[in-house]
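Each ligand, and each atom within it, is numbered from 1 in the order the structure gives.
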Amino acid sequence: AVERTLSIVKPDAVAKNVIGKIYSRFESNGLQIVAAKMVQLSQEKAEGFYAEHKERPFFKDLVDFMTSGPVCIQVLEGEGAILKNRDLMGATNPKEAEAGTIRADFAESIDANAVHGSDSEASAAREVAYFFADEEICAR
Ligand code: CMP
């Protein structure tokens, strides 16, 4: 089925000037960017986004990192977009990410891991709505 998923190019990848290279991975693998914006997340916005991780030991570092510089947030659309994006990203820890994945090629550590992608249909729906109003998503 055609799905939408929420993708974030994290502060490390923005700082490394590889936004376009990462967007190319999406586009050359059948995903279309149907909404996009570059923003500096506030602490409140980042905490709300990662609310499910609130009790995890890495939560504070995660929020500090995600607010350390601008991010690019996009909605990707395509056949099986949620799983396809996760395959393109590779494992959360770049040391475990398969060769040729975004994290293997651009990420430094489990915190500075270049990209985020929704992990299920339910989180995709929540995460897309968290950052984009319906009228900001451009049907293609
Ligand atoms: P992300 O997909 O954005 O979702 C939560 C983030 O927490 C994850 O990517 C990692 O960057 C970060 N993180 C840090 N430590 C861990 C950990 N031990 N397990 C999972 N995620 C972690």
Completion exercise
One should read off an interatomic distance between Y23 OH and L76 CG, to the nearest 0.5 angstrom, of 8.5 Å

Handout entry: Protein residues that have a heavy atom under 4.0 Å from any atom of ligand 1, sorted by chain and number
Key = K10, Y50, H53, R56, F58, L62, T92, R103, I110, D111, N113, H116

Handout entry: Point-to-point distance, once rounded to the nearest 0.5 Å, from NZ of K16 to CD1 of I22
Key = 8.5 Å

Practice task
For residues 80-102, pull every pair meeting side chain to side chain donor-acceptor pair (under 3.5 Å), keeping only residues two or more places apart or in separate chains.
Solution key: none

Exercise for the section: Please report the closest heavy-atom contact between E3 and G80, naming both atoms and the distance. Expected result: OE1-C, 3.3 Å

Practice task
Among residues two or more places apart or on two chains, list those pairs meeting side chain to side chain donor-acceptor pair (under 3.5 Å) that have a residue in residues 24-49.
Solution key: R25-D105, Q43-E47

Problem - Whichever hydrophobic residues join F132 through chains of side-chain contacts under 4.5 Å - result: L6, I8, V34, V39, L41, F49, Y50, F58, F59, L62, V63, F65, M66, V71, I73, V75, V128, Y130, F131, I137

